Amino acid sequence: MAEGVGGPSSGGDPVDPATEAFVAHRNLLFTVAYEMLGSAADAEDVLQETWLRWAGVDLATVRDRRAFLVRITTRQALTRLRTLGRRRESYVGTWLPEPLLTAPDVAEDVELADSVSMAMLLVMETLAPTERAVFVLREVFDVGYEEIAAAVDRTPAAVRQIAHRARAHVTARRPRGLVSPAETRHALDAFRRAVTTGDLQTLLDVLAPDVVLMGDGGGVKQAILRPVQGADKVGRLLIGGLARLTAASWHAAQVNGCPALVLHLGGEVDTVLAVRIEDGRIRGLYAVRNPEKLSGMRSAAALSR
């Protein structure tokens, strides 16, 4: 996220304590909001709202500034998440999280990279808003139960129960085991060679038998409206569709902490393709084409925990 987004920017003038604390924790707050919302644009709006509230706080009453800022961010993100849930019900086609171009240091933090991966964000979409907030704060950021309770307006005992329920829910649906970046890159290289040359058999070899392709055009760009499952269906759809894009070029990128592919058309980003790898083969393909969701590919987002 750019330095000037979602609050004050640092310059040559003396920085007041409120601004200094906000800037120091900006990347953390953005990551919390993004993991709760799956949208960089909405996360940035949450940071702006967080700053407006933080600027009016009497710092003399704040014991832990980091915890207080996380609390404000969580509450604002929860409010927005409930609104977004209603909005996504009328979304055209499949809704996918907004992809983020990420720096290499995100991939080095294995747990952070896993938590912001497209596959994991989709799993978190199946949680209720409060469950998602509790899961993100506890499992990703290791926030204490009492601090989480203050953020979501529940008792610590209730938060423990929510955390247990959310953890079990996610565990049953998340990708099995961690996949190394090298393994993902190997699968993506084979995928890129296959779709570039139109080699259906090579593509089928890298796709898992039960692979699922999901596309998000947001009603703006052409994309499949419903998930397509099965290696043969997905393979033939991809080979047939991409054969028409003669001026297109694939480029490797680090997206949401994982290796991914970016399709450029006419010098512009047309599609971001993230994958889910299991047992060395592609089991999930997530193609984001909605132009409103591609602004996060302009520069690397700063994520932290």
Side-chain angles (χ1 to χ4, degrees), residues 37-42 81-100 116-129 131-132 169-170 172-176 184 187-188 191-192 194-195 198 200-201 203-245 248 250 255-256 258 260-263 265 269-279 281-297:
L37 301 169
S39 164
D42 287 299
L81 184 58
R82 294 182 177 111
T83 301
L84 290 175
R86 294 189 291 271
R87 194 185 308 166
R88 288 170 189 171
E89 291 176 359
S90 59
Y91 193 81
V92 178
T94 301
W95 183 93
L96 290 175
E98 182 178 343
L100 286 181
V116 297
S117 69
M118 191 72 70
M120 189 60 173
L121 289 174
L122 282 171
V123 171
M124 287 195 283
E125 280 293 314
T126 64
L127 292 169
E131 289 179 332
R132 185 166 184 169
H169 180 97
V170 170
R173 293 163 177 79
R174 71 186 306 165
R176 297 192 306 269
T184 302
L188 285 173
F191 175 91
R192 177 166 51 177
V195 297
L200 178 59
Q201 187 54 55
L203 181 58
L204 292 176
D205 289 342
V206 76
L207 297 178
D210 58 349
V211 62
V212 176
L213 169 65
M214 304 173 74
D216 181 346
V220 180
K221 287 286 193 74
Q222 184 177 3
I224 57 172
L225 295 177
R226 291 177 296 277
V228 176
Q229 185 169 19
D232 190 68
K233 287 182 180 179
V234 170
R236 293 183 185 280
L237 178 64
L238 289 171
I239 293 294
L242 294 172
R244 297 193 296 268
L245 303 178
W250 291 97
V255 176
N256 289 63
C258 305
L261 290 174
V262 180
L263 181 69
L265 195 60
V269 173
D270 177 85
T271 305
V272 174
L273 185 71
V275 296
R276 170 178 173 176
I277 306 293
E278 288 189 14
D279 300 322
R281 304 176 84 175
I282 298 174
R283 195 175 181 192
L285 285 159
Y286 314 108
V288 181
R289 301 198 69 212
N290 185 348
E292 295 180 1
K293 293 187 176 184
L294 299 179
S295 60
M297 298 301 295

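From a predicted model like this one, the values you see are computed outputs, not experimental measurements.
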Any side-chain heavy-atom pair from [X] and [Y] closer than 4.5 angstrom?
| X | Y | result |
| --- | --- | --- |
| V288 | T271 | no |
| V272 | Y286 | no |
| L273 | V262 | no |
| V116 | L100 | no |
| L285 | L207 | yes |
| L188 | W250 | no |
| Q229 | D210 | yes |

*Look at atom CD of E292 and say whether more than 12 heavy atoms of other residues, nucleotides or ligands are closer to it than 6.0 Å.*
no
*Is it the case that more than 12 heavy atoms not belonging to E125 sit under 6.0 Å from its CD atom?*
yes
How far does [atom1] of [X] sit from [atom2] of [Y], to the nearest 0.5 angstrom?
| X | Y | atom1 | atom2 | answer |
| --- | --- | --- | --- | --- |
| L213 | K233 | CG | NZ | 12.5 Å |
| L96 | S39 | CG | OG | 12.5 Å |
| M118 | C258 | CE | SG | 9.5 Å |
| K221 | K293 | NZ | NZ | 14.0 Å |
| R276 | R174 | CZ | CZ | 10.5 Å |
| I239 | L203 | CD1 | CG | 5.0 Å |

*Taking D270 for its side chain and L263 for its backbone only, find out whether a donor-acceptor pair lies under 3.5 Å.*
no
*For D205, does its backbone N or O pair with a side-chain atom of R281 as donor and acceptor, under 3.5 Å?*
yes
_Salt bridge present between R289 and D216 (N-O < 4.0 angstrom)_ = no
_Check this for me, if you would: do E89 and R87 make a salt bridge, where the nitrogen-to-carboxylate-oxygen distance has to be below 4.0 angstrom?_
no
*Go through the steps to decide whether L225 and T94 satisfy the test side-chain contact (heavy atoms from CB on, under 4.5 Å), and finish with yes or no.*
CA-CA 6 Å; L225 295 177; T94 301; over 6 Å; no
*Does R88 count as lying over the ring of W95, i.e. NZ or CZ under 6.0 Å from the six-ring centre, within 45 degrees of the axis?*
yes
Minimal non-hydrogen separation, [X] against [Y], with atom names:
| X | Y | result |
| --- | --- | --- |
| P97 | L122 | CD-CD2, 3.6 Å |
| L204 | A231 | CD2-O, 3.3 Å |
| V211 | G284 | CG2-N, 4.2 Å |
| R283 | E278 | NH1-OE1, 2.7 Å |
| E98 | G296 | OE2-N, 4.1 Å |
| V206 | A187 | CG2-O, 3.6 Å |

*Do we see a donor-acceptor contact under 3.5 Å between the side chains of N290 and Y91?*
yes
*Can you list the steps and then say if L237 with V228 is a side-chain contact (heavy atoms from CB on, under 4.5 Å)?*
CA-CA 9 Å; L237 178 64; V228 176; 4.1 Å; yes
